[in-house]
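In what follows, a structure is listed as structure tokens, so that the remarks can point back to it.
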Protein chains: 4
Amino acid sequence: MTRVHVWGASGYGAAEAIRILERHPAFELGALESASHAGETVGEHFPRLRAVTRRFDSESAVTEQLASGDAVVMGGSTGAARRIAPEFLARGARVVDLSVDFRFDSSAVYGLPERYRDGIAKASLVANPGCYPTAALLALLPLLPVADIVQIIIDAKSGITGAGRTPSVSSLFAEVDGEIRAYGLDGHRHQPEIESELRACGSEAPLVFTPHVVPLSRGLLADAYVMCGAPPDAGTIRAAYERSYASSPFVRVLPQDQAPSVAGVTYTNDAEVHVSVAGKVVRVICAIDNLGKGAAGQAVQNLNIMFGYPEELGLDARSLVA
Amino acid sequence: MTRVHVWGASGYGAAEAIRILERHPAFELGALESASHAGETVGEHFPRLRAVTRRFDSESAVTEQLASGDAVVMGGSTGAARRIAPEFLARGARVVDLSVDFRFDSSAVYGLPERYRDGIAKASLVANPGCYPTAALLALLPLLPVADIVQIIIDAKSGITGAGRTPSVSSLFAEVDGEIRAYGLDGHRHQPEIESELRACGSEAPLVFTPHVVPLSRGLLADAYVMCGAPPDAGTIRAAYERSYASSPFVRVLPQDQAPSVAGVTYTNDAEVHVSVAGKVVRVICAIDNLGKGAAGQAVQNLNIMFGYPEELGLDARSLVA
Amino acid sequence: MTRVHVWGASGYGAAEAIRILERHPAFELGALESASHAGETVGEHFPRLRAVTRRFDSESAVTEQLASGDAVVMGGSTGAARRIAPEFLARGARVVDLSVDFRFDSSAVYGLPERYRDGIAKASLVANPGCYPTAALLALLPLLPVADIVQIIIDAKSGITGAGRTPSVSSLFAEVDGEIRAYGLDGHRHQPEIESELRACGSEAPLVFTPHVVPLSRGLLADAYVMCGAPPDAGTIRAAYERSYASSPFVRVLPQDQAPSVAGVTYTNDAEVHVSVAGKVVRVICAIDNLGKGAAGQAVQNLNIMFGYPEELGLDARSLVA
Amino acid sequence: MTRVHVWGASGYGAAEAIRILERHPAFELGALESASHAGETVGEHFPRLRAVTRRFDSESAVTEQLASGDAVVMGGSTGAARRIAPEFLARGARVVDLSVDFRFDSSAVYGLPERYRDGIAKASLVANPGCYPTAALLALLPLLPVADIVQIIIDAKSGITGAGRTPSVSSLFAEVDGEIRAYGLDGHRHQPEIESELRACGSEAPLVFTPHVVPLSRGLLADAYVMCGAPPDAGTIRAAYERSYASSPFVRVLPQDQAPSVAGVTYTNDAEVHVSVAGKVVRVICAIDNLGKGAAGQAVQNLNIMFGYPEELGLDARSLVA
């Protein structure tokens with residue numbers, strides 16, 4: 001059993017990590033540090049997790065309980081992990097950070113296992129990708145080596161948990177219900193993260209990225225439209241996706257007549273990918289759960305890889321009937 | 001044309017009043033005072049009212065623009081109307097207050113037209129009822145004179161706009177979606193308002209009141225279960241309801257095989273009432289829109305009565321197809 | 001490992017049973033018989049279960065594969081189980097029927113483990129209770145021996161999966177969204193089932209039962225209001241609930257300041273119960289998942305008991321973060 | 001007053017037309033023919049329109065009541081209008097058909113007033129556009145004359161009323177809730193309609209069109225991504241949109257920092273358009289109500305134009321507060 005502490009434990013992403021880790025066969029929960037909610041039970045803070053009677057620990061709990069060889073999953077707001085993670089690392093812990101803090105930092109491995117599995121296995125510090133970049137990159141990475149890409153367009157739709165649990169008018173039920181709205185019109189904060197990884201993979205094609213909020217709690221669909229210099233061969237493209245994900249247990253490349261379904265991956269660590277070609281355009285549709293493969297599920301997948309457990313361990317949840 | 005100022009104009013109730021008044025044939029909008037949102041257009045503050053390009057006016061705008069014979073609709077938080085309404089009244093305005101401030105106060109007429117139509121016509125100050133009391137009282141009032149009531153139970157279900165637009169975790173989309181929850185278990189703030197009116201009508205029967213939040217934005221259903229000392233006669237009871245509401249244009253007493261539908265009254269000032277008898281229990285189900293008949297619609301109905309216009313003027317909206 | 005066949009496998013309840021059994025440590029799935037969907041994968045029929053690649057088996061599959069000592073979970077429409085279950089029983093199988101067919105039949109044990117645990121352990125045929133009766137009876141049973149009951153009122157709110165998966169206008173998204181509506185105004189089909197069990201427990205008090213549909217997929221809240229002949233003692237009442245459920249792993253009796261939350265039990269086999277007293281009225285609020293404790297979860301709980309496994313085995317799911 | 005008959009009156013589009021026409025100052029409702037629902041009131045068939053007590057008329061009602069100079073709005077399934085409209089036209093009526101029947105037919109004028117206002121004014125037969133084509137064309141038409149277009153991509157998201165009111169599993173609440181899904185992956189039926197109009201406007205650029213269903217009842221957002229041969233000038237593009245829609249009362253070209261909001265146009269005949277340029281890509285986002293500007297609202301706008309009334313008459317509804 002490896003002990004996993006959760007630092008900054010009171011947001012949606014950290015809570016989902018707690019939910020998964022609580023019944024993971026190889027990990028046991030250590031401290032659940034939340035300066036703002038110390039003393040409350042998880043179930044009091046999250047009515048939907050009422051059955052979880054563990055209490056949040058107070059500030060410095062991780063520092064106090066940490067032992068070499070432990071793991072830490074870090075939630076919390078931007079900047080916090082950058083301040084505190086170095087101490088955890090110095091004491092021999094391995095860290096998966098859910099925030100944006102280390103995603104552009106060479107001290108960390110970018111935690112997208114479908115691309116960086118080997119690096120993650122050896123990493124001390126893993127920067128868990130954002131939800132939009134996860135879906136976008138799963139949609140695009142297999143294509144980069146086989147297509148002459150002129151322009152990339154990503155039209156993404158996300159559930160509202162992607163905006164976090166801090167109350168704001170724009171996240172209220174009465175404002176989200178009945179609404180579809182694009183946001184971040186002149187550059188969403190996730191666009192540089194997607195571009196950075198595309199550059200790292202050798203693509204210099206310009207990117208247009210439009211995120212939208214739609215009325216659901218969890219789930220994310222990204223439609224990538226890739227304009228090529230010449231009409232690509234559909235068979236070649238499709239073969240590239242099947243090859244790329246042949247050994248990735250969580251990514252399903254769907255047959256032509258099946259559309260990715262957000263409901264079909266919600267509450268799981270799965271991703272569904274559909275790729276097709278129309279003239280010079282390759283369209284790739286990718287569905288994930290923004291809190292699953294887009295956050296906490298992927299964090300646990302990374303932990304599995306880091307600690308030498310089977311990649312799927314504790315992540316075999318099915319989605320739900322309704 | 002009568003001029004209607006809106007004071008405390010930035011909440012859901014006041015916004016709905018603006019929406020209705022904007023196209024009311026006998027009222028014209030005066031100042032729209034909002035200290036916190038002065039300068040913003042209504043449409044910027046409420047994305048769903050983007051087409052409304054009027055700007056909120058700054059503090060004291062009503063005071064500055066008020067003329068004798070004008071009306072003021074007051075939104076704003078508890079206590080505000082109590083401080084400011086006296087000045088408006090002193091200057092010859094007539095006031096409809098959406099808040100709780102004057103609902104227990106003999107200086108005001110309780111603004112439930114189906115009961116106090118005559119008093120409202122002559123009133124300078126009308127305390128607009130809360131949404132739960134409106135539905136509860138429409139369900140109960142016709143019954144009081146004709147039944148020997150032992151116990152009253154009200155089980156009510158409301159859309160989340162009833163909680164207002166101030167951001168809180170419990171009103172977030174991701175917290176309301178998929179949830180049904182009772183609240184105010186040991187006495188909701190609307191219970192005394194219901195009891196106070198029942199007492200005023202001569203009933204001393206004890207009341208149990210349970211409000212619930214369900215995942216919709218607008219609409220309210222109240223199921224009243226009235227335990228009587230002896231089995232009442234269904235025909236007598238039903239006749240009492242039909243007689244009570246015969247001259248009330250907004251209340252529909254439904255036939256036995258039709259259930260009140262929240263969707264059928266949402267976005268209108270209508271109420272639907274169904275009454276039936278089983279043994280010693282009279283069950284009355286009442287559906288209203290919490291922002292319509294439960295707030296802004298009723299306020300405009302009161303204004304119509306106060307200023308001698310037809311009670312239905314400007315309130316003939318139909319609900320929606322879907 | 002005990003083999004469990006699912007007969008009539010294409011509805012919501014049976015699908016949820018498949019989802020739970022698929023990863024149950026002591027049960028293995030046998031035939032999944034669906035005359036209408038034979039050959040389709042579970043995931044093709046239920047997009048939300050796309051990851052389930054098992055195919056539905058054709059007519060008679062259970063008959064062909066059944067061995068003595070197997071279990072059969074029966075979905076399917078009213079009347080089907082009555083025709084076919086006798087054959088399964090004759091061949092040495094033990095049957096849990098999700099339909100109404102045997103709920104009033106002395107040949108079966110009523111599958112509410114919190115009341116009939118011992119009978120279920122020995123039963124060959126278990127009639128799994130309906131979702132409304134499950135919530136109603138969990139709310140009422142502890143009260144029957146300790147209160148002088150004059151009248152019972154149950155106001156229940158359910159997600160739309162309770163209406164099944166057969167398409168109808170009233171279950172369309174555009175008809176349920178934004179709606180709260182009572183139905184079955186003159187006697188819902190679940191009322192006799194509740195009354196029958198109350199009678200079996202010695203209560204002859206009259207019952208008023210009002211079911212409502214609200215805009216969510218899964219989950220059920222029942223508010224029971226019990227009118228007593230004299231004001232009961234709150235401490236006695238509360239002690240009765242705690243005692244009754246002390247050894248029931250799935251029922252949580254909540255403290256006075258916590259309301260049952262549908263979202264807190266959805267996707268689990270849990271029930272939350274809150275009891276309070278106001279004058280002569282005892283109010284008991286019970287939350288369950290209509291497809292969990294109200295159908296498939298309870299069926300698996302019954303199977304665990306029938307086959308001597310720990311009651312909670314395979315049913316330790318937590319609800320979800322959002 | 002012009003009399004407007006509604007033929008095929010029992011679907012969502014026709015019902016919305018009835019709702020609008022019922023209070024239109026220049027039109028009066030004639031026959032409401034519905035072979036399948038004759039004798040029912042509109043409010044019985046559509047619980048949300050309970051206040052509408054008119055009854056559906058039986059088969060041939062329009063034929064019997066039609067007078068020269070009347071108008072007919074035709075709902076109904078594909079093929080029906082083609083059979084019956086000629087008779088109405090022969091008898092001197094003017095027809096607006098909501099179905100696809102005449103959209104590719106030179107005997108009809110394509111009813112997109114922002115492009116064909118003059119033709120519509122003189123037309124006897126108007127083919128009302130589909131909801132997706134309406135949004136797509138409003139997004140694209142101003143661009144065609146001013147950009148060198150290489151490729152058009154449209155990613156559209158629609159509420160479920162777009163699928164009609166005929167019950168199907170895929171439109172059930174429990175299947176749409178929590179879901180985002182692309183459909184029509186190899187060619188949605190609306191794609192040829194969009195292409196046909198683009199061709200008519202002189203554009204031969206290839207089109208990729210991806211419709212999605214999201215969990216809301218009404219509303220549609222289309223994101224058009226137009227790849228150009230060279231980077232267009234943002235000012236020129238924007239000016240083209242402002243010029244194109246300067247005299248179109250229902251189309252709002254938004255400033256750069258405001259995103260089109262589906263909730264802001266739902267229940268209205270408005271369209272919101274946002275245009276921006278990034279390198280060689282012009283992105284145009286257009287929000288409409290699929291039953292408003294995408295169906296019944298546009299039909300009434302066409303009737304206004306055909307009969308010489310002000311284009312906005314009876315179509316000045318605001319959207320809703322929540």
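Note that these values count all heavy atoms, side chains included, but never hydrogens, waters or copies made by symmetry. In the text below, chain A, chain B and the rest are named by the order of the sequence lines, each starting its count at 1.
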Check [X] against [Y] and note the closest heavy-atom contact, atom names and distance.
{"X": "Asp155(B)", "Y": "Lys157(C)", "result": "OD1-NZ, 2.9 Å"}
{"X": "Ala182(B)", "Y": "Leu221(C)", "result": "N-CD2, 4.5 Å"}
{"X": "Ile154(C)", "Y": "Tyr225(B)", "result": "O-OH, 4.3 Å"}
{"X": "Ala278(C)", "Y": "Val208(B)", "result": "CB-CG2, 4.0 Å"}

Seminar exercise, completed: One option among Gly219(B), Ala322(B), Pro215(B) has the most heavy-atom pairs under 4.5 Å with chain C, and it is Pro215(B)
Picking from [options], which has the most non-hydrogen pairs under 4.5 angstrom with chain B?
{"options": "Gln256(C), Gln258(C), Arg283(C), Arg218(C)", "result": "Arg283(C)"}
{"options": "Gly264(C), Pro260(C), Pro206(C)", "result": "Pro260(C)"}
{"options": "Ile285(C), Val281(C), Val214(C), Thr210(C)", "result": "Thr210(C)"}
{"options": "Gly159(C), Ala174(C), Gly178(C)", "result": "Gly178(C)"}

Exercise. By a 4.5 Å heavy-atom criterion (distance strictly below it), what part of Ser217(B) contacts chain C: side chain, backbone, both, or neither?
Worked result: neither
Problem set entry | Contacting moiety of Ser276(B), where chain C heavy atoms sit under 4.5 Å | neither
Exercise. Can you find a pair of side-chain heavy atoms, one from Ile180(B) and one from Leu216(C), that are under 4.5 Å apart?
Worked result: yes
For this session: Tell me, with the steps shown, if His212(B) and Asp223(C) meet side-chain contact (heavy atoms from CB on, under 4.5 Å).
Result: CA-CA 10 Å; His212(B) 301 75; Asp223(C) 293 62; 2.8 Å; yes
Problem set entry | Value rounded to 0.5 Å, distance of CD1 in Ile153(C) from CE in Met227(B) | 7.0 Å
Problem set entry | Toward chain B, the part of Tyr267(C) with a non-hydrogen atom under 4.5 Å | neither
Problem set entry | Val262(B) backbone acceptor or donor facing Glu179(C) side chain under 3.5 Å | yes
